[in-house]
Protein chains: 2
Amino acid sequence: MGITKSEIFTDRQNKIATMLKALAHPARIAIIQHLSRAEHCICGDLVEELGLAQPTISQHLKELKNIGIIKGCADGKSISYCIDEKVWKQVKKEFDSLFAVKS
Amino acid sequence: MGITKSEIFTDRQNKIATMLKALAHPARIAIIQHLSRAEHCICGDLVEELGLAQPTISQHLKELKNIGIIKGCADGKSISYCIDEKVWKQVKKEFDSLFAVKS
DNA sequence: AACTAACATCGTAATATTGCGATAAGTATG
DNA sequence: CATACTTATCGCAATATTACGATGTTAGTT
């Protein structure tokens, strides 16, 4: 099939899986790390930083935007991306509670 | 293409992405949650618990085993799965350090 | 308005994932 | 050893993901 049967899982299970999935790519991890360090959010520099084509970076940014973990603000003719602290903390909390079950 | 260019990323970025990917499916989240609560690890019950076919569950278990986060011990004619505390804590630590960059 | 720079989106090829029926493999039990 | 039971693997169909060239779009510049 290839299609995840999300109907049979709880909303929370689906939500956690979706968030994890959005982060589950080395390019997106790299983007997150970069945005974290370069306090002043970046944009097209990511194309140079990572060795991926511009449309590819744009697509990865879109996926991170979809879960709300990053946001882009217009800045001249370029767009400045940065981590949305609020969402970032929520995601962290969600993961923590998953990991808290055991240990 | 469809193939991730893992050569261009650091080992750590690839590792984190791989771990996240292994957890990034509602069925696997459900399995982890179940294994966490049922201290006495379970196995084929997962087929009934979640509404997925046995081969599908088996495949998900395999993916979780691949990253070492769960392990299976023979128990009679069935196999008893449980979370590998050691690996579980390592993964938690890895995620924590990712989330620690910001916030 | 035409031009340019910076992103986004479209379309598509290559590959990966999800799910399951069929079947194999392993292990008690009679 | 034959049987039953439990899990793993194979093979395939359906769908999703990754990457990028080509092309749109938007916003400053001249």
Side-chain angles (χ1 to χ4, degrees), chain A residues 1-9 13-14 17-31 34-35 38 40-67 70-82, chain B residues 1-9 13-14 17-31 34-35 38 40-67 70-82:
Chain A
M1 310 245 155
I3 188 170
T4 298
K5 288 184 150 183
S6 42
E7 334 85 58
I8 67 175
F9 302 107
Q13 287 165 342
N14 283 314
T18 300
M19 293 186 310
L20 286 165
K21 201 165 153 190
L23 293 174
H25 190 287
R28 296 195 289 272
I29 294 292
I31 290 174
H34 193 86
L35 286 182
H40 260 206
C41 324
I42 318 272
C43 170
D45 302 295
L46 288 166
V47 175
E48 290 192 8
E49 276 282 319
L50 328 185
L52 293 168
Q54 180 269 317
T56 307
I57 297 291
S58 195
Q59 202 171 307
H60 284 305
L61 286 170
K62 190 180 178 186
E63 285 179 66
L64 291 173
K65 252 190 302 181
N66 282 344
I67 60 164
I70 69 170
K71 57 186 174 186
C73 332
D75 172 28
K77 53 183 163 184
S78 61
I79 293 175
S80 185
Y81 282 100
C82 57
Chain B
M1 313 244 154
I3 187 169
T4 297
K5 287 183 152 184
S6 40
E7 334 85 56
I8 68 175
F9 303 106
Q13 287 165 341
N14 283 314
T18 301
M19 293 187 310
L20 286 165
K21 200 165 155 192
L23 293 174
H25 190 289
R28 296 196 287 271
I29 294 292
I31 289 174
H34 193 87
L35 286 181
H40 260 205
C41 323
I42 319 272
C43 169
D45 302 295
L46 288 167
V47 175
E48 290 192 7
E49 277 280 320
L50 327 185
L52 292 169
Q54 180 268 318
T56 306
I57 297 291
S58 194
Q59 202 171 307
H60 283 305
L61 286 170
K62 190 180 177 183
E63 286 178 67
L64 291 173
K65 252 190 302 181
N66 283 344
I67 59 163
I70 69 170
K71 57 186 174 186
C73 332
D75 172 29
K77 54 183 163 184
S78 61
I79 293 175
S80 185
Y81 280 100
C82 57

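Note on naming: letters A, B, ... go to the chains in the order of the sequence lines (proteins, then strands), and numbering restarts at 1 for each one. Side-chain atoms are counted along with the backbone in the values below, which use heavy atoms only and exclude waters and symmetry mates.
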Find which nucleotide of DNA chain D each of A/A27 and A/G76 is nearest to by heavy atoms, and output the residue with the more 5' nucleotide. A/A27
Rounding to a whole Å, what distance do you find between [X]:[atom1] and [N]:[atom2]?
| X | N | atom1 | atom2 | result |
| --- | --- | --- | --- | --- |
| B/I3 | D/dA19 | CD1 | P | 9 Å |
| B/I70 | D/dA8 | CD1 | C1' | 13 Å |
| B/H25 | D/dT15 | NE2 | P | 15 Å |
| A/L23 | D/dT17 | CG | P | 14 Å |

Establish, with yes or no, whether the OP1 or OP2 oxygen of D/dA16 is under 4.0 angstrom from a side-chain nitrogen or oxygen of A/K21. no
Any side-chain N or O of B/K5 under 4.0 Å from OP1/OP2 of D/dC20? yes
Is there a side-chain contact between [X] and [Y], using heavy atoms and a 4.5 Å cut-off?
| X | Y | value |
| --- | --- | --- |
| A/I29 | B/L20 | yes |
| A/L35 | A/L64 | no |
| A/L46 | A/L61 | yes |
| A/I67 | A/E63 | no |

Considering residues, nucleotides and ligands other than B/E48, do more than 12 of their heavy atoms fall under 6.0 Å from its CD? no
Taking heavy atoms of chain A and a 4.0 Å limit, find me the 5'-most and 3'-most nucleotide of DNA chain C within that range. C/dA5 to C/dC20
Test: side chain to side chain donor-acceptor pair (under 3.5 Å). Region: residues 17-26 of chain A. Which pairs qualify, not counting sequence neighbours? A/H25-B/T4
Between B/A74 and A/K77, name the one whose nearest nucleotide on DNA chain C is closer to the 5' end. A/K77
Quick one, which residues of residues 50-66 of chain B touch DNA chain D with a heavy atom under 4.0 Å? B/Q54, B/P55, B/S58, B/K62, B/K65
Short question: side chain of B/R28, backbone of B/A22 - any donor-acceptor pair under 3.5 Å? yes
